[in-house]
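Below you'll find the structure, written out as structure tokens, and then a few comments.
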Amino acid sequence: MNTPVPLPYSNATLVTPFSPSGYWGPPTSSDWCENNYDISYYVAEFFNSLSSIAMILVGIVGVYLHASFENRFLITFGSIAIVGLGSIAFHGTLLFPLQMMDEVPMVYSILSLAYCCIENRSYRRYGTWFPVSIALYGLLTTIVLVYAGPDNLMLAFVVFQSSFAFMVLVVMSHIVKIYAELQDVSIRQMWKTTGTIALASYLFWNIDYRMCDVMQNLPFGLGNPQLHAFWHLGASIGSYMVTLLVCFNRAENLGRSPMMEWKWGLVPRESETTLPFGFVPSVLLVTHFTQQQQQHQHHPRQQPPEARTMSYSDYGDNDPIYGDDLADEDRESRPRLMLMGLRRSGKSSIQRVVFHKMTPTETLFLESTSKINKDNIHSFIDFQVWDFPGQMDFFDPTFDTTAIFGEVGALVFVIDSQDDYMEALARLHSTVVAAYRVNPNITFEVFIHKVDGLSEDYKIDTQRDIQQTTTDELADAGLENVQLAFYLTSIYDHSIFEAFSKVIQKLIPQLPTLENLLNILCANSGIEKAFLFDVISKIYIATDSSPVDSQSYEICSDMIDVIIDISSIYGRAAIGAKSQGYLEDQQDQPEDWTHQQDGHDDYEDSNGSHGHSLSQAVVSTSSRAGSLDNQPVQSGGNHEAFSVIKMGNGTVLYLREVNKYLALICLLRAETFEKQGLIDYNVHCFKEAMDQVFELKRAERTRREMEANQLLEQQQHNGLYGHG
Ligand SMILES: Nc1nc2c(ncn2[C@@H]2O[C@H](COP(=O)(O)OP(=O)(O)OP(=O)(O)O)[C@@H](O)[C@H]2O)c(=O)[nH]1
Ligand SMILES: [Ca+2]
Ligand SMILES: [Zn+2]
């Protein structure tokens with residue numbers, strides 16, 4: 001605009017776009033409606049050149065954002081940028097050789113897109129002849145274009161137009177097919193938007209090309225709207241979007257779980273996958289198609305070729321794991337546990353009773369779950385429980401098995417034993433097959449649930465029947481090495497906690513260390529059985545290696561209840577960090593899950609804090625038949641929960657708080673307990689070892705394991721004194 005060079009022809013240009021010439025001389029290429037050298041002496045068609053920068057930008061952005069994707073997409077995105085460069089050169093000079101630098105890349109760009117559209121399946125559809133003939137097509141067009149030369153402008157123009165138009169038709173015919181298979185509404189919408197943009201810009205191209213007279217002489221002194229420049233903008237957006245969507249489709253077909261995501265945007269995250277028409281400075285990219293996932297592709301147990309996918313976010317909005325507050329490693333290191341099963345089998349009840357202290361009868365009023373409910377449990381280890389809706393059909397092609405099962409630690413399948421369970425067994429079978437195919441490391445846990453209504457004999461029969469049928473069917477399907485664990489459970493007794501304990505234990509990396517520590521403690525103190533309990537959920541996360549009988553588990557679990565009750569009655573000061581972790585969960589809860597359902601909120605004190613810590617439970621009680629034992633309480637001033645219950649049958653229950661989440665409960669003979677000093681000391685040593693184990697949790701994984709073992713040895717050498 002500020003060019004010092006005079007514009008001798010500036011008036012004449014209004015008459016005909018062909019007349020003036022500037023730095024590059026008279027045009028030797030096709031000329032467009034924009035007046036030549038109108039703005040700058042050095043740039044023939046200023047607006048047409050300027051708008052071509054958009055193509056370069058979208059091309060570069062496409063490559064940059066999808067660098068981990070397959071090369072074909074990088075080539076397609078990259079070719080858009082090259083077309084942009086050629087377009088600038090061409091419109092800037094209007095010289096024939098440079099027009100070729102615009103048009104030839106356009107042909108290759110659409111060829112590359114065509115390849116992506118056609119070879120979009122997880123398997124290869126056509127042989128090598130296919131890419132070879134695509135390359136030949138490009139080569140032939142190039143040769144004809146170049147040999148037509150500036151002297152045969154019309155021929156070159158027609159050859160280019162028809163060659164390009166033909167490929168556009170090929171691409172469109174495949175896009176129609178891709179579109180027809182689409183399930184996801186927002187992706188469908190995006191295709192529609194892209195189509196609209198493409199059509200509009202093609203219309204602009206035509207108006208500019210065919211109705212230049214009208215455009216140059218608009219009424220009311222309106223200037224040339226430069227529709228060819230708008231065509232450039234529309235074509236940039238359109239080609240970015242088409243490539244993006246083809247990329248998405250490919251990722252879906254490969255069984256990845258692609259998602260569209262706004263990058264660098266001002267657009268709020270909620271508007272993900274719906275493209276607003278406004279010019280919002282945001283760029284879409286397809287995510288979840290990393291190199292690592294590409295390796296899965298060569299895994300023999302691949303998803304069926306045509307399986308389609310959907311992102312998690314379509315199932316629910318409470319998605320704390322993917323919240324921005326979590327670092328990537330956190331997401332990965334957090335074990336995930338899935339609750340699946342038919343409708344009304346009791347999944348949500350289990351989750352509520354075990355992790356949210358809902359009373360069993362309250363579950364009668366639970367509504368059917370309609371979307372995946374992800375629950376973050378912050379405790380001695382952080383993990384997640386995903387409660388699935390029973391009616392979910394994950395053979396629905398929109399269900400993304402790879403994404404769902406890919407990172408699962410344990411899959412808990414709940415069967416309603418009071419109901420006819422044939423359908424449940426069929427579902428269990430297909431679930432295991434689908435999940436195992438995606439992730440052979442999942443541990444499968446089958447809860448034969450609601451056994452409270454069954455007689456002892458019937459329980460055993462049912463379990464045998466279910467176990468037998470399932471194993472046989474899996475063997476028939478060639479999966480005889482898949483291990484399923486079966487549990488008889490009910491929310492009306494301890495069985496559900498006990499079963500969950502065993503499930504959770506498999507997800508704890510420190511388990512061997514904890515077990516060892518407990519073994520040492522038992523051996524040195526004459527303790528018969530020791531459990532390490534998660535206080536709030538009453539799940540025991542470890543025990544010594546002697547066999548667990550349900551009775552001792554129940555007694556210990558009841559003891560925690562007693563201590564919590566007593567502390568909530570007699571110890572008024574409130575709590576702390578212990579229930580804090582659980583309170584955080586409530587923010588993650590869907591609306592229907594209200595505060596009041598958490599029993600710990602009943603004890604709200606004036607400071608507004610919730611629940612009660614075991615720390616207040618510095619009591620010593622005796623049970624029904626037992627003698628009242630008025631043990632002086634020694635908590636060493638650090639307010640740790642400590643409690644001893646002597647039972648009539650000569651058994652002593654000994655509880656000691658280990659840290660804010662965990663309590664150690666030991667069962668021992670009254671005779672052994674006479675040496676209480678020794679036991680106290682050994683428990684103290686155990687506690688210190690535990691503290692260190694959990695402190696080390698924060699250190700890097702490998703080092704943690706090593707150091708915990710060292711610690712163990714140390715304890716063995718000098719920490720614990722032998723019993724007797
Ligand atoms: N008798 C008995 N009933 C149970 C038990 N567990 C759950 N129930 C009842 O089973 C019914 C269904 O429980 P839900 O937890 O809603 O079942 P769900 O599997 O989450 O159901 P969907 O959300 O529809 O998939 C409720 O009325 C519970 O009270 C159990 O152990 N014993
Ligand atoms: Ca022109
Ligand atoms: Zn152009």
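Order of listing sets the numbers, starting from 1, for every ligand and every atom in it. In what follows, every heavy atom counts, from backbone to side chain, and hydrogens, waters and symmetry copies are set aside.
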Query raised in the report: Would you call the rings of Tyr540 and Tyr553 parallel, tilted or perpendicular if under 30° counts as parallel and over 60° as perpendicular?
Result: tilted
Report summary line: Leu507 and Ala410 have their tightest heavy-atom pair at CD2-N, 4.1 Å
**Report entry** 4.0 Å heavy-atom contact, Gln418 with ligand 1
**Finding:** yes
Report task. Could you name all protein N, O or S atoms found under 2.8 Å from the Zn ion (ligand 3)? Result -> His91 NE2, His228 NE2, His232 NE2
**Report entry** N or O pair under 3.5 Å between Tyr492 and ligand 1
**Finding:** no
Requested in this report: Please say which of Val503, Leu488, Ile415, Asp416 ends up in a side-chain contact (heavy atoms from CB on, under 4.5 Å) with Phe447.
Outcome: Val503
Requested in this report: Could you walk me through whether Glu498 and Ser495 pass the side-chain hydrogen bond (donor to acceptor under 3.5 Å, both in side chains) test, one step at a time?
Outcome: CA-CA 5 Å; Glu498 205 180 343; Ser495 57; over 6 Å; no
Requested in this report: Examine ligand 1 and decide if any of its atoms is less than 4.0 Å from a heavy atom belonging to Ser345.
Outcome: yes
Distance-only criterion, 3.5 Å: show the donor-acceptor pairs between side-chain atoms of residues 50-57 and protein atoms not counting sequence neighbours.
from  : atom 1 : to     : atom 2 : distance (Å)
Ser51 : OG     : Phe47  : O      : 2.9
Ser51 : OG     : Asn48  : O      : 3.2
Ser51 : OG     : His232 : ND1    : 3.0
Ser52 : OG     : Asn48  : O      : 2.8
Ser52 : OG     : Ser87  : OG     : 2.7
Ser52 : OG     : His232 : ND1    : 3.3

Report task. Output, in order, the C-alpha distance, side-chain angles, deciding distance and verdict of salt bridge (charged side-chain N to carboxylate O under 4.0 Å, His left out) for Arg352 and Glu362. Result -> CA-CA 10 Å; Arg352 297 292 154 83; Glu362 274 176 310; over 6 Å; no
**Report entry** Heavy-atom nearest option to atom 12 (C) of ligand 1, drawn from Arg344, Arg352, Met340
**Finding:** Arg344
Requested in this report: Mind checking whether Asp452 contacts ligand 1 via backbone (N, CA, C, O), side chain (CB onward), both or neither, at a 4.0 Å heavy-atom cut-off?
Outcome: side chain
Query raised in the report: Can you name the closest pair of heavy atoms from Leu98 and Phe90 and give their distance?
Result: O-CB, 3.5 Å
Query - Chi angles and distances behind the side-chain hydrogen bond (donor to acceptor under 3.5 Å, both in side chains) call for Asn36, Asp31 - result: CA-CA 9 Å; Asn36 301 345; Asp31 196 349; 2.7 Å; yes
